[in-house]
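Computed from heavy atoms alone, side chains included, the values below leave out hydrogens, waters and symmetry copies. Because the structure is predicted, anything quoted here is derived from the model rather than measured.
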Amino acid sequence: MTSSVKAILDLKGRDVITAGPNTTVAEAAVILSKKKIGAIVVVGMENRISGMFTERDLVHAIAKHGKDGLDQTLGQVMTAKVYRCHEETTVNELMELMTSRRFRHVPVERNGKLAGIISIGDVVKSRIAEVEREAEDIKAYIAG
C-alpha cells in the first residue's frame, strides 16, 4: 500500500514558508538561507498559490539581471506555472511528477488554497519507510 501526501503532511506538519509577490529576490534569498530551505511558495489573496520561488529562480534572476536581479520582485522572477498536488495524491504519483517535471518541491492544495508542501526529501523518506515496513512484513511472514 502506497502512502499519500496526507500521510506525509500528518507526520511532518503543514507549515509552509510563504512570501508575497512584492518581496524582493534579496529578501527571499535571506529567507531561503535563514530557514535552510530550497523554495518559497508565493501567495496572493486568501493564501492562494501564485507561484514558486526556488534556488533555481534565484540563479536565473542573477544570471539574467546581474546584481540588479536582487532588486527584482518575486512576482517578476518566480515560476508562475506551479504544479500542485492534493492530499489524496499517492507518493508514487508524486515521485512520477517530480521526476518527469524535475521539481524538488510541490505545494499541496486543498479547496484552492495552500495546505502544505512536499519536498523530494519527504518523498524519499516516505518511500524508504514503506520499503522497510514491507521488508519487516516479509520477515514476519517467513518467521511464521
(message) Assigning hydrophobic clusters by single linkage (Ile, Leu, Val, Met, Phe, Trp, Tyr; side-chain heavy-atom cutoff under 4.5 Å), is Met98 placed with Val108?
(response) yes
(message) Around atom CD of Glu96, are there more than 12 heavy atoms from other residues, nucleotides or ligands closer than 6.0 Å?
(response) no
(request) Kindly check if the number of other-residue, nucleotide or ligand heavy atoms within 6.0 Å of CG (Asp15) is above 12? (result) no
(request) For atom NZ of Lys12, decide whether the heavy atoms of other residues, nucleotides or ligands shown that lie under 6.0 angstrom number more than 12. (result) yes
(request) Might you point out which heavy atoms bring Ile40 and Ile37 nearest each other, and give the distance in Å? (result) CG1-CD1, 4.3 Å
(request) Indicate the atoms forming the closest heavy-atom contact of Pro21 with Val43, along with that distance. (result) CD-O, 3.5 Å
(message) Can a donor-acceptor pair be found, under 3.5 Å and without considering hydrogens, that links the side chain of Arg84 to the backbone of Ile49?
(response) yes
(request) List the atom of Leu74, the atom of Thr24, and the distance in Å for their closest heavy-atom pair. (result) CD2-O, 4.2 Å
(request) Give a yes or no on whether the backbone of His86 and the side-chain of Thr89 come within a donor-acceptor separation of less than 3.5 Å. (result) yes
(message) Taking Val16 as the starting point, is it possible to reach Met52 by hopping between hydrophobic residues whose side chains are less than 4.5 Å apart?
(response) yes
(request) Please check if the side chain of Arg48 supplies one atom and the backbone of Gly112 the other of a donor-acceptor pair under 3.5 Å. (result) yes
(request) Without swapping roles, check the side chain of Thr23 against the backbone of Gly20 for a donor-acceptor pair under 3.5 Å. (result) yes
(request) Identify whether the distance between the nearest side-chain nitrogen and carboxylate oxygen of Glu136 and Lys139 falls below 4.0 Å. (result) yes
(request) Using a strict cut-off of less than 4.0 Å between a Lys/Arg side-chain nitrogen and an Asp/Glu carboxylate oxygen, indicate whether Asp137 and Arg133 qualify as a salt bridge. (result) no
(request) Considering non-hydrogen atoms only, spot the tightest contact between Ser4 and Glu87 and give its length. (result) CB-O, 3.6 Å
(message) Give me the atom names and distance for the closest heavy-atom approach of Ile31 to Ile17.
(response) CG2-CG2, 3.6 Å
(request) Give the minimum heavy-atom separation between Gly51 and Val82, together with the two atoms involved. (result) CA-CG2, 3.3 Å
